[in-house]
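This report refers to the structure that appears directly beneath it.
From a predicted model like this one, the values you see are computed outputs, not experimental measurements.
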Amino acid sequence: MNAHSGDSAPWTRRDFLSASGLALGSAGLLAATGAIAAEKPEKPQSAKLRISKQHTVLFQGDSITDAGRSREKAAVANDQAGLGSGYAGMAAVGLLLDHPDYNLKVYNRGISGNKVFQLADRWADDCVKLQPNIVSILIGVNDFWHTLNGGYKGTIETYEKDYRALIERTLTELPGVSLAICEPFVLRCGAVNDRWFPEFDKYRKVSRTLAEEYRARFVAFQLMFDRAVKYAPAEYWAKDGVHPTAAGSALMAHTWLNVVLSKRG
């Protein structure tokens, strides 16, 4: 039952984040990321993430980021159709609303079905060419999911090697870029069953480890959804266990903004 059922007033987003500990959890992850990365200065490092005037922000990933975005409008910054209907588009709207005088340019180049190596194949055109100041990456669910039907032979080692190479390439080819690495996630419903675990958890761990090593902001989407299911069932947030509903996308956008706009880390 919803923790607020029977209350005289509905709970708000702020109530939810406060009660679930999401804001605190994000702050703690940022602090941990900064502390661990500081011990490894030999690695290329993401620049501290700050939203500044004239910045270009790029969302990258698979279908969760893609969210039906218009390919015809992809080259147009801040275009509603080009940003898609998912968390990336919602987060972009939040950035633009909060900073109307910053002249931000926001793009979405997520492509449904992508795995890390497919991001790398198109990185020159769909990332480096845009010269972004901030790159947000959500990738990993397909790197595991597509192994379940035998159509893809990648392993957790493949995922980590390819992802590490992509991050180092990005930091080398875009000096001064800031990275936000988003945790791949699933909810236990729809297509997600016991076959996913514990192997999928290793992909989540890799994303966090890489964020720590390269001092990127880490957006803990799995933690967010694990807490969200205490307020509404898994299907409310993602009917098939992978692709978020409107509510799930809105929660992702709110959490992304909370982490990325934090002054910590």
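- Counting only distance, with no hydrogens or angles, the side chain of Q45 and the backbone of K43 share a donor-acceptor pair below 3.5 Å.
- Within the 3.5 Å criterion, the main-chain N or O of L210 finds no donor-acceptor partner in the side chain of R164.
- Using a cutoff of 4.0 Å between basic side-chain nitrogens and carboxylate oxygens, D79 and R69 are not scored as salt-bridged.
- Aromatic rings of Y87 and W256 (six-membered ring for Trp) have centroids beyond the 6.0 Å cut-off, not under it.
- In terms of modelled atom types and a separation under 3.5 Å, the side chain of H254 and the main chain of A91 share no donor-acceptor contact.
- In the model, E160 has no side-chain atom that pairs as donor or acceptor with a side-chain atom of Y203 under 3.5 Å.
- R122 and N114 form a side-chain donor-acceptor contact under 3.5 Å, judged by distance and modelled atom types alone.
- When each of H55, Q54, K53 is tested with N103 by the rule side-chain hydrogen bond (donor to acceptor under 3.5 Å, both in side chains), just one qualifies, namely Q54.
- K115 forms no cation-pi arrangement with Y159, by the criterion of a distance under 6.0 Å to the ring centre and an angle within 45° of the ring axis.
- Judged purely by atom type and a 3.5 angstrom limit, Q60 uses its side chain to pair as donor or acceptor with the backbone of D126.
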What do the steps show when you test R169 against E173 for salt bridge (charged side-chain N to carboxylate O under 4.0 Å, His left out), and what is the final call?
CA-CA 6 Å; R169 174 184 175 186; E173 296 186 18; 3.3 Å; yes
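- Look at E157 and K161 and you find no salt bridge, because none of the NZ, NE, NH1 or NH2 atoms lies under 4.0 Å from a carboxylate O.
- Between the side chain of T245 and the backbone N or O of Y236 there is at least one donor-acceptor pair closer than 3.5 Å.
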